[in-house]
Amino acid sequence: MTEKDTGFDFDKDVPPLSLFISGFFQFAYLFFDNLDGKQARRTKNSTPFGLLMDHGCDVFTTILTCFTLSHALCVGNEGFASFGIFYGLIIGFY
């Protein structure tokens, strides 16, 4: 492991390329999630399983966004900043 390999330490610097890749995939996720929802509403092809699958993917992505945001802001593992990011985003989702 190198010094740049941060793991779950939210107080170390993150390589800029990692932040760029994470931002790109976050944008791609949001774009395709909205595109899929519009297509399902337009063609009236929504099912309960599709809704469950969509919300399951949204929850998983929200958790990964919490980790990415905590790394990007270097908030540390202790204190209210990390707690606020995690619970603020997750409670906001629900």
Undergrad: How many angstroms lie between atom OH of Tyr87 and atom CZ of Phe80, to the nearest 0.5 angstrom?
TA: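 Output value for this atom pair is 12.5 Å.
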
Undergrad: Distance check, rounded to the nearest 0.5 Å: Thr61 atom OG1 versus Asp33 atom CG?
TA: 8.0 Å

Undergrad: With sequence neighbours excluded, tell me which residues meet side-chain contact (heavy atoms from CB on, under 4.5 Å) with Asp36.
TA: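 If we apply the side-chain contact (heavy atoms from CB on, under 4.5 Å) test to Asp36, skipping adjacent residues, there are no hits.
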
Undergrad: Roughly how far apart are Asp58 CG and Thr62 OG1, rounded to 0.5 Å?
TA: 6.5 Å

Undergrad: For the side chain of Ser22 and the backbone of Ser18, is there at least one donor-acceptor N/O pair under 3.5 Å apart?
TA: no

Undergrad: Would Leu19 end up clustered with Ile21 when hydrophobic side chains under 4.5 Å apart are linked, directly or stepwise?
TA: no

Undergrad: Hey, quick one: are Val59 and Phe67 part of the same hydrophobic cluster, counting side-chain heavy atoms closer than 4.5 Å, chains of contacts allowed?
TA: yes

Undergrad: Measuring from atom OH of Tyr29 to atom CG of Leu64, what distance do you get when rounded to the nearest 0.5 angstrom?
TA: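 So the OH of Tyr29 and the CG of Leu64 are separated by 10.0 Å.
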
Undergrad: Does the side chain of Thr65 come under 3.5 Å of the side chain of Gln26 through a donor N or O and an acceptor N or O?
TA: yes

Undergrad: Considering non-hydrogen atoms only, spot the tightest contact between Ser70 and Ile85 and give its length.
TA: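 Here Ser70 and Ile85 meet closest at OG-CG2, 3.7 Å.
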
Undergrad: Relative to each other, are the rings of Phe31 and Phe27 parallel, tilted or perpendicular (30° and 60° limits)?
TA: parallel

Undergrad: Would Phe60 and Met53 show up in the same hydrophobic cluster when neighbours are defined by side-chain heavy atoms closer than 4.5 Å?
TA: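 No; tracing contacts between hydrophobic side chains, which count when under 4.5 Å, never links both residues.
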
